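For the numbers below, each heavy atom of this structure counts, side chains included, while hydrogens, waters and symmetry mates do not. Naming: A, B, ... by sequence-line order, numbering from 1 per chain. These numbers were taken from a predicted model, which means no experiment stands behind them.
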Amino acid sequence: MLGEFDLVEPTSVAEASEVLARHGDAARIYAGGTELILAMKEGLIRYDYLVNVKTIPGLAGVRVNDDGTLRIGGATSHRALERDPLVRERFPVIARMESDVANVRVREVGTLGGNLCFAEPHADPGTLLMLFDATVRIERKGGARTIPLEQLFVGPFETCLEPDEVLTEIVVPPLPVHSGSAYLKFGFLERPSVGVGVAVTTDDGRVREARIAVGCVGPVPRRMREAEAALAGQTAAESRNTLAEAGRIAARASDAITDLHGSADYKEHLVGVLLRRAFEQALASSDGSGAP
Amino acid sequence: MNAITMTVTVNGEPRELTVPTHETLIECLRERLGLLGAKKSCDVQVCGACTVLLDDRPVSACTVLAFEARGKTVRTIEGLACGDELHPIQAAFVEHGALQCGFCTPGMIMATVALLGENPSPSVDEVKHYMRGNVCRCTGYKRILDAILDASRRMAAAPAPA
Ligand SMILES: Cc1cc2nc3c(=O)[nH]c(=O)nc-3n(C[C@H](O)[C@H](O)[C@H](O)COP(=O)(O)OP(=O)(O)OC[C@H]3O[C@@H](n4cnc5c(N)ncnc54)[C@H](O)[C@@H]3O)c2cc1C
Ligand code: FES
Ligand code: FES
């Protein structure tokens, strides 16, 4: 049974931040509540105050700047992203990933900000958005900062946010021209066991840049820069021969943990398999220049 | 505040309710309003037995808070049939034998209402993807799938007043 709490409904980020600062550990941001209310029902945590950020005007919504940068409000639901025509057209890989998060009811209610800020390692959006070098805007009363998404995640269920900070926006720059991308996951429980994202930028039949991100396997989603470097500059044919090695490097770097989702060995193996498949898909969609 | 007074339209009927902020929607529906169709089963948003529609969107009533229905419409299985006349989705479920114990059925049917509202002629894969979060322990899903596809055909042939 859910315990009592006071609901606070701020009309600005500054007001939300002020309430959070005033009540410290007794208060918590409430967005969709799909994680928070579950944990509170279980009695794992309790708060005297929940601060409903959905009442802040403008915190939910999607737009695309003239330069093609996608800006997602922190309180935007997974479902809104999945269905948004602009996201589907310009960032189809994000719309597809979103359409595969949880089930439709969780997607209707759960927000992207809540997903990222909960920092449950078995999640999808953080891993994929990292490929785009996404940044997040974090605001509090009297200040704001923008940090790379990669730096948001500190550990399982832990972010670098201060208690009075609100994640207000996720900013996703487009990939360079002649890029293709793919996100693949595998799991047999409710949440994914392994998630791998790959973006490939080609230039005259060569892999100019490969970006690789791995999530779920270790404590936080991460870019795999050593594995990326192994593929950069190769022809499409060469890169296919390097994939196994890139997969081993990424698997080693992923800090795989043995848990209910599988043994570390098993997850490392899956990282290699998904990396290879995601790379092929990304290459094939990078203007066809690397199509098999 | 620890209670909210709100107007909410439940199965077409406007209601004025005062709910504690920590009341879940399923508690509100079952205990406050006596609507026993939606079931609480897993209580963690996995099974879908508690599926109801908030402004025609499917939610897990076990975890969504009742105050979130503020100013919205709530639809439950009780609001579907027109007197003795079953909604085409209900009729299809009955005719295809898409239920045994029936515990999952109110949620299955409400999820189907939402699906067909969004996508009146879904493919088999689209149905499977949309219904992924609704679990049935009896039927093996084949009959449910058949019923949903059949309901979609019936509704396309004779659009119901929804
Ligand atoms: C059954 C189930 C299956 C799932 N499967 C998947 C899956 O396959 N892949 C996946 O990626 N995820 C999955 N999830 C997780 C789901 O995506 C999250 O539950 C959802 O996105 C959380 O958003 P919310 O708005 O409900 O967060 P809330 O529960 O409201 O909040 C979560 C946490 O984030 C904080 N917070 C929320 N918004 C902000 C903000 N704007 N600024 C700062 N802090 C904030 C809250 O204080 C809280 O600590 C699953 C969840 C469930 C219940
Ligand atoms: S009881 Fe709500 S999803 Fe299972
Ligand atoms: S009919 Fe028994 S659970 Fe579906």
K.L.:
For atom CG of A:L44, is the number of surrounding heavy atoms from other residues, nucleotides or ligands below 6.0 Å larger than 12?
P.N.:
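Above 12, so yes.
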K.L.:
Write out all chain B-chain A donor-acceptor pairs shorter than 3.5 Å, or none if the list is empty.
P.N.:
| unit_1 | atom_1 | unit_2 | atom_2 | d |
| --- | --- | --- | --- | --- |
| B:M1 | N | A:L7 | O | 3.2 |
| B:M1 | O | A:L7 | N | 2.7 |
| B:T21 | OG1 | A:F5 | O | 3.0 |
| B:D43 | O | A:K41 | NZ | 2.9 |
| B:D43 | OD1 | A:K41 | NZ | 2.8 |
| B:Q45 | O | A:N103 | ND2 | 2.8 |
| B:Q45 | O | A:R105 | NH2 | 3.3 |
| B:Q45 | NE2 | A:T34 | O | 2.9 |
| B:R57 | NH1 | A:E108 | OE1 | 2.6 |
| B:R57 | NH1 | A:E108 | OE2 | 3.3 |
| B:S60 | OG | A:R105 | NE | 2.8 |
| B:C62 | O | A:K41 | NZ | 2.7 |
| B:T63 | OG1 | A:K41 | NZ | 3.0 |
| B:E68 | OE2 | A:Y30 | OH | 2.4 |
| B:E68 | OE2 | A:K54 | NZ | 2.7 |
| B:R70 | NH1 | A:E9 | OE1 | 2.6 |
| B:R70 | NH2 | A:E9 | OE1 | 3.4 |
| B:R70 | NH2 | A:E9 | OE2 | 3.0 |
| B:E118 | OE1 | A:R79 | NH2 | 2.9 |
| B:E118 | OE2 | A:R79 | NH1 | 2.8 |
| B:H129 | NE2 | A:S99 | O | 2.9 |
| B:H129 | NE2 | A:D100 | OD1 | 3.3 |
| B:R132 | NH1 | A:D100 | OD1 | 3.0 |
| B:R132 | NH2 | A:A102 | O | 2.6 |
| B:G133 | O | A:R105 | NH1 | 2.9 |
| B:G133 | O | A:R105 | NH2 | 3.1 |
| B:N134 | OD1 | A:R105 | NH1 | 3.3 |

K.L.:
Please say whether more than 12 non-hydrogen atoms of neighbouring residues, nucleotides or ligands are located less than 6.0 Å from CD in B:E85.
P.N.:
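No.
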K.L.:
Which of residues 91-106 of chain B get closer than 4.5 angstrom to chain A, counting heavy atoms alone?
P.N.:
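Not one residue of residues 91-106 of chain B has a heavy atom under 4.5 Å from chain A.
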K.L.:
Using a 4.5 angstrom heavy-atom cutoff, name the option from B:A3, B:A114, B:C62 with the most pairs to chain A.
P.N.:
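It is B:C62.
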K.L.:
Under 4.5 Å heavy-atom distance to chain A, tell me which part of B:L115 shows up: side chain, backbone, both or neither.
P.N.:
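Contact with chain A is absent: no heavy atom of B:L115 under 4.5 Å.
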K.L.:
Please collect all ring pair (Phe, Tyr, Trp, His ring centres under 6.0 Å) contacts where either partner lies in residues 38-72 of chain B, sequence neighbours excluded, each pair once.
P.N.:
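The answer is none; no pair qualifies.
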K.L.:
What part of B:P58 gets closer than 4.5 Å to chain A, counting heavy atoms only: side chain, backbone, both or neither?
P.N.:
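Both parts, backbone and side chain.
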K.L.:
What residues, two or more places apart in sequence or in another chain, satisfy ring pair (Phe, Tyr, Trp, His ring centres under 6.0 Å) together with A:F91?
P.N.:
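Result, ring pair (Phe, Tyr, Trp, His ring centres under 6.0 Å) vs A:F91: A:F132.
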K.L.:
Just give me the residue among A:V8, A:V104, A:V106 that pairs up with chain B most often, heavy atom to heavy atom, under 4.5 Å.
P.N.:
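Of the options given, most contacts go to A:V104.
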K.L.:
Under 4.5 Å from any heavy atom of chain B, what part of A:M40 do you find: side chain, backbone, both or neither?
P.N.:
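For A:M40, neither part sits under 4.5 Å from chain B.
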